[in-house]
*Asks:* 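Here's a structure for you.
In what follows, every heavy atom counts, from backbone to side chain, and hydrogens, waters and symmetry copies are set aside.
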Amino acid sequence: MKRMILLCLVMASCSSVTKGPDPDQAYENAMDTGRSAFELGHPDQSESQYRAAMDRALIRDDAAQIHDAGFNLATALLEENKPADALTALDRTGKALKLRQYSQTSDLELVRSAALYRQHDLTGSEASALVALQSPDVGIRNRAAYLAGLGASDQGDTAQLTRMEALLAPSKEPAAMLDHQDLAARLALLNHAPALALEQAMSLTQKRRDAQDYEGMRRALLVAAQAAEAQGDMNTAAALRQQELSSRSVQQTGHVERASITVSAVSAPAAAIR
């Protein structure tokens, strides 16, 4: 999601000694083609491939493949800014996995949190993020902390935002460090330190841009605008909001860029497409 929340998930490599089951070539081809389209910035094309992969996984009755195809499909839909469709895909995947008693779904909760955040369902987004926060995978936990922190910031919950910012503070992983800077800027704003918030948000804007995380860049621009407003600099705030609107408008008119899953989904990569 240089991508939201959605987090470096790596598939296990095949053993060179023990021969495993024969692969379903149609599934593998669909997943590979979907990944290539996604990485080239065409999530609409990857969507159709991941739907085909999901169908093959269901035919094969392979829980792990159902999980992977469902995760990728939901991520692609989120990249297309279709959070409602992403949630539908997650529900379908979750039901199929529950039927097969497959429980490794914390990454799906992460995508769900990002989709709900896009729909401004802050309560639901936080609930899913807190579930994902229990994952044994540090990448998932870091992104979950970020998503929970975003929701806390939007609700003015300084205590929760402080907890999530503290969880990310020790990480030296580049994606988590950027997410930490985002939460730190928001915390400074809530703690009535707009000058510090503006400095951190503007620095983050450049870093998100360099990482081609344009969704994250737009979030940073809005934090910077709020900080400028808090200082009474309405001209700067208006300019920053116009910059954010210009970027978002181009994306919404069909020129979709890669973004965090996170909210771009999220997810630095919030999630690695399989």
*Asks:* Name all pairs fulfilling the salt bridge (Lys or Arg N to Asp or Glu O under 4.0 Å) condition that reach into residues 190-205, sequence neighbours left out, sorted by first residue then second.
*Replies:*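 Checked against salt bridge (Lys or Arg N to Asp or Glu O under 4.0 Å) - neighbours excluded - no pair reaches residues 190-205.
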*Asks:* Mind checking what makes side-chain hydrogen bond (donor to acceptor under 3.5 Å, both in side chains) contact with Asp157, not counting sequence neighbours?
*Replies:*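 Partners of Asp157 by the side-chain hydrogen bond (donor to acceptor under 3.5 Å, both in side chains) criterion come out as none, since no residue qualifies.
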*Asks:* When you group the ILVMFWY residues by side-chain heavy-atom contacts below 4.5 Å and let the links chain together, are Leu190 and Tyr146 in the same group?
*Replies:*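 Yes; Leu190 is reachable from Tyr146 via cluster members.
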*Asks:* Should Leu150 and Arg219 count as side-chain neighbours, where that means a heavy-atom distance under 4.5 Å?
*Replies:*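 They are in contact (side-chain heavy atoms under 4.5 Å apart), so the answer is yes.
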*Asks:* Are Leu161 and Leu130 co-members of a hydrophobic cluster defined by side-chain heavy atoms under 4.5 Å apart?
*Replies:*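 As far as the 4.5 Å side-chain criterion goes, Leu161 and Leu130 are connected within one cluster.
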*Asks:* First locate atom CG of Leu90, then atom CZ of Phe71, and finally report the distance between them rounded to the nearest 0.5 Å.
*Replies:*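 Reported value, rounded in 0.5 Å steps: 9.5 Å.
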*Asks:* Check Asp137 against Gly139 and note the closest heavy-atom contact, atom names and distance.
*Replies:*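 The pair with the smallest heavy-atom distance is OD1-N, 2.8 Å.
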*Asks:* Are any side-chain N or O atoms of Ser246 and backbone N or O atoms of Gln242, one a donor and one an acceptor, separated by less than 3.5 Å?
*Replies:*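 Pair absent, no side-chain N/O of Ser246 close to backbone of Gln242.
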*Asks:* Is there a path of hydrophobic side-chain contacts, each under 4.5 Å between heavy atoms of I/L/V/M/F/W/Y residues, joining Tyr102 to Leu108?
*Replies:*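 Yes, one cluster joins them.
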*Asks:* Working note: Arg118 + Glu215, criterion side chain to side chain contact (heavy atoms under 4.5 Å, CB included); need CA distance, chi angles, decisive distance, verdict.
*Replies:* CA-CA 11 Å; Arg118 292 277 187 93; Glu215 185 75 23; 4.0 Å; yes
*Asks:* For residues Gln160 and Gln155, is any side-chain donor paired with an opposing acceptor at under 3.5 Å?
*Replies:*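 Gln160 vs Gln155: no donor-acceptor pair found between side chains.
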*Asks:* Output all residues satisfying side-chain contact (heavy atoms from CB on, under 4.5 Å) with Ala197, sequence neighbours left out; order by chain, then residue number.
*Replies:*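 Partners of Ala197 under the side-chain contact (heavy atoms from CB on, under 4.5 Å) test: Ala188, Leu189, Ala227.
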*Asks:* Could you walk me through whether Thr75 and Phe38 satisfy the side chain to side chain contact (heavy atoms under 4.5 Å, CB included) test, starting with their C-alpha distance in whole Å, then the side-chain angles of each, then the deciding distance to 0.1 Å, before giving a yes or no?
*Replies:* CA-CA 10 Å; Thr75 302; Phe38 188 92; 4.1 Å; yes
*Asks:* Verify whether one side chain among His67 and Gln104 offers a donor that lies under 3.5 Å from an acceptor in the other.
*Replies:*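 Judged by distance alone, the side chains do not pair up.
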*Asks:* Mind jotting down which residue pairs meet the salt bridge (Lys or Arg N to Asp or Glu O under 4.0 Å) criterion with at least one end in residues 233-244? Sequence neighbours excluded, please.
*Replies:*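 Qualifying pairs, neighbours excluded: Glu229-Arg241, Glu244-Arg248.
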*Asks:* Who passes side-chain hydrogen bond (donor to acceptor under 3.5 Å, both in side chains) against Ser128, sequence neighbours left out?
*Replies:*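 In terms of side-chain hydrogen bond (donor to acceptor under 3.5 Å, both in side chains), with neighbours along the sequence ignored, Ser128 is linked to Glu109.
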*Asks:* Under 4.5 Å between side-chain heavy atoms, counting indirect links through other Ile/Leu/Val/Met/Phe/Trp/Tyr residues: same cluster for Leu147 and Leu222 or not?
*Replies:*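 Shared cluster, no.
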*Asks:* Do Gln200 and Val223 have side chains that get closer than 4.5 Å, going by heavy atoms?
*Replies:*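 Sidechains of Val223 and Gln200: no contact.
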*Asks:* Do Leu58 and Met54 have side-chain heavy atoms sitting under 4.5 Å apart?
*Replies:*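 Yes, close enough: below the 4.5 Å cut-off.
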*Asks:* Identify the two heavy atoms, one from Ala224 and one from Met202, that lie closest to each other, and give their separation to 0.1 Å.
*Replies:*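 Scanning both residues completely, I find the closest heavy atoms to be CB-SD, 3.6 Å.
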*Asks:* Please name the pair of heavy atoms, one in Ala185 and one in Ala201, separated by the smallest distance, quoted to 0.1 Å.
*Replies:*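 Taking Ala185 first and Ala201 second, the nearest heavy atoms are CB-N, 4.1 Å.
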*Asks:* Look at the side chain of Arg209 and the backbone N and O of Met217, then say whether any donor-acceptor pair between them is shorter than 3.5 Å.
*Replies:*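 Side chain of Arg209 to backbone of Met217: no pair is present.
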*Asks:* Around Gln101, counting heavy atoms of other residues, nucleotides and ligands shown, do more than 12 lie under 6.0 Å from its CD?
*Replies:*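 Counting other residues, nucleotides and ligands, CD of Gln101 stays at 12 neighbours or fewer.
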*Asks:* I'd like to know whether Asp154 forms a salt bridge (charged side-chain N to carboxylate O under 4.0 Å, His left out) with Arg186, so could you lay out the CA-CA distance, the side-chain angles of the two residues, the decisive distance to 0.1 Å, and finally the verdict.
*Replies:* CA-CA 9 Å; Asp154 290 353; Arg186 293 164 184 270; 3.7 Å; yes
*Asks:* Shortest non-hydrogen contact from Ala53 to Tyr27?
*Replies:*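 Looking at all heavy atoms of both residues, the shortest contact is O-CD1, 3.3 Å.
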*Asks:* Among Gln206, Gln212, Lys207, exactly one meets side-chain hydrogen bond (donor to acceptor under 3.5 Å, both in side chains) together with Asp210. Which residue is that?
*Replies:*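 One option only clears the test, and that one is Gln206.
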*Asks:* I'd like to check the side-chain hydrogen bond (donor to acceptor under 3.5 Å, both in side chains) partners of Ser171; sequence neighbours left out, ordered by chain and number.
*Replies:*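 Ser171 satisfies side-chain hydrogen bond (donor to acceptor under 3.5 Å, both in side chains) with no residue once adjacent residues are dropped.
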*Asks:* Do any N or O atoms from the side chain of Ser153 and from the backbone of Gly149 form a donor-acceptor pair under 3.5 angstrom?
*Replies:*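 Checked: no pair found.
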*Asks:* Is any side-chain heavy atom of Arg208 less than 4.5 Å from a side-chain heavy atom of Asp182?
*Replies:*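 Yes, close enough: below the 4.5 Å cut-off.
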*Asks:* Are any side-chain N or O atoms of Gln49 and backbone N or O atoms of Gly34, one a donor and one an acceptor, separated by less than 3.5 Å?
*Replies:*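 Answer holds: no.
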*Asks:* Got a sec, which residues hit salt bridge (charged side-chain N to carboxylate O under 4.0 Å, His left out) with Arg51, two or more places apart in sequence or on another chain?
*Replies:*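 Applying salt bridge (charged side-chain N to carboxylate O under 4.0 Å, His left out) to Arg51 gives Glu47.
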*Asks:* Could you tell me the separation between the CG atom of Leu168 and the CG atom of Asn142, rounded to the nearest 0.5 Å?
*Replies:*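 Leu168 CG to Asn142 CG: 5.5 Å, rounded to 0.5 Å.
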*Asks:* For Ser203, check side-chain hydrogen bond (donor to acceptor under 3.5 Å, both in side chains) against everything at least two apart and list the hits.
*Replies:*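 Scan of Ser203 (side-chain hydrogen bond (donor to acceptor under 3.5 Å, both in side chains), adjacent residues dropped) gives Gln181.
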*Asks:* Check the hydrophobic clustering (I, L, V, M, F, W, Y; side-chain heavy atoms under 4.5 Å; chains of links allowed) and say if Met164 and Met177 are grouped together.
*Replies:*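 No, Met164 and Met177 fall in different hydrophobic clusters.
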*Asks:* State which residues pass salt bridge (charged side-chain N to carboxylate O under 4.0 Å, His left out) with Asp62; sequence neighbours excluded, sorted by chain then number.
*Replies:*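 Partners of Asp62 under the salt bridge (charged side-chain N to carboxylate O under 4.0 Å, His left out) test: Arg60.
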*Asks:* Can you tell me how far apart CG (Asn72) and CD (Glu79) are? Round to the nearest 0.5 Å.
*Replies:*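 These two atoms lie 11.0 Å from each other.
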*Asks:* Just jot down the side-chain contact (heavy atoms from CB on, under 4.5 Å) partners of Ala220, sequence neighbours excluded, or say none.
*Replies:*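 Only Leu204, Thr205 meet the side-chain contact (heavy atoms from CB on, under 4.5 Å) criterion with Ala220.
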*Asks:* Does the distance from a Lys or Arg side-chain N to an Asp or Glu carboxylate O, for Asp32 and Arg35, drop under 4.0 Å?
*Replies:*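 Yes, charged N to carboxylate O under 4.0 Å.
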*Asks:* Ignoring hydrogens and angles, tell me if any N or O in the side chain of Ser247 forms a donor-acceptor pair with the backbone of Gln243 under 3.5 Å.
*Replies:*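 Pair absent, no side-chain N/O of Ser247 close to backbone of Gln243.
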*Asks:* For residues Ala237 and Ala225, report the shortest heavy-atom separation together with the two atoms involved.
*Replies:*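 Scanning both residues completely, I find the closest heavy atoms to be CB-O, 3.5 Å.
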*Asks:* NE2/His42 to OG/Ser36 distance, rounded to the nearest 0.5 angstrom?
*Replies:*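 OG of Ser36 is found 11.0 Å from NE2 of His42.
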*Asks:* Any donor-acceptor pair under 3.5 Å linking the side chain of Ser113 with the backbone of Ser125?
*Replies:*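 Confirmed, Ser113 side chain pairs with Ser125 backbone.
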*Asks:* Could you check whether any side-chain heavy atom of Val131 comes within less than 4.5 Å of a side-chain heavy atom of Leu110, counting everything from C-beta outward?
*Replies:*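 A side-chain contact under 4.5 Å is absent here.
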*Asks:* Looking only at non-hydrogen atoms, find the nearest pair between Gly70 and Thr93 and report the distance.
*Replies:*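 In terms of heavy atoms, the two residues are closest at CA-OG1, 3.3 Å.
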*Asks:* Quick check for you: to the nearest 0.5 Å, what is the distance between Thr236 atom OG1 and Leu240 atom CG?
*Replies:*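 Answer rounded to 0.5 Å: 6.5 Å.
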*Asks:* For Arg141 and Ser135, indicate whether the former's side chain and the latter's backbone hold a donor-acceptor pair under 3.5 Å.
*Replies:*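 Answer holds: yes.
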*Asks:* Nearest 0.5 Å, please: how far is CG in Asp24 from CZ in Arg56?
*Replies:*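 Answer rounded to 0.5 Å: 4.0 Å.
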*Asks:* Would you indicate whether the side-chain heavy atoms of Ile140 and Leu133 approach each other to under 4.5 Å?
*Replies:*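 No - every pair of side-chain heavy atoms lies 4.5 Å or more apart.
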*Asks:* Under 3.5 Å, side chain of Asp121 to main-chain N/O of Tyr117, donor-acceptor pair present?
*Replies:*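 Side chain of Asp121 to backbone of Tyr117: no pair is present.
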*Asks:* For Arg100, enumerate each residue passing the salt bridge (charged side-chain N to carboxylate O under 4.0 Å, His left out) test, keeping only those at least two apart in sequence or located in another chain.
*Replies:*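 Applying salt bridge (charged side-chain N to carboxylate O under 4.0 Å, His left out) to Arg100 gives Asp61.
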*Asks:* According to salt bridge (charged side-chain N to carboxylate O under 4.0 Å, His left out), who are the partners of Asp91, at least two apart in sequence or on a separate chain?
*Replies:*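 Counting only residues at least two positions away or on another chain, Asp91 forms a salt bridge (charged side-chain N to carboxylate O under 4.0 Å, His left out) with Arg112.
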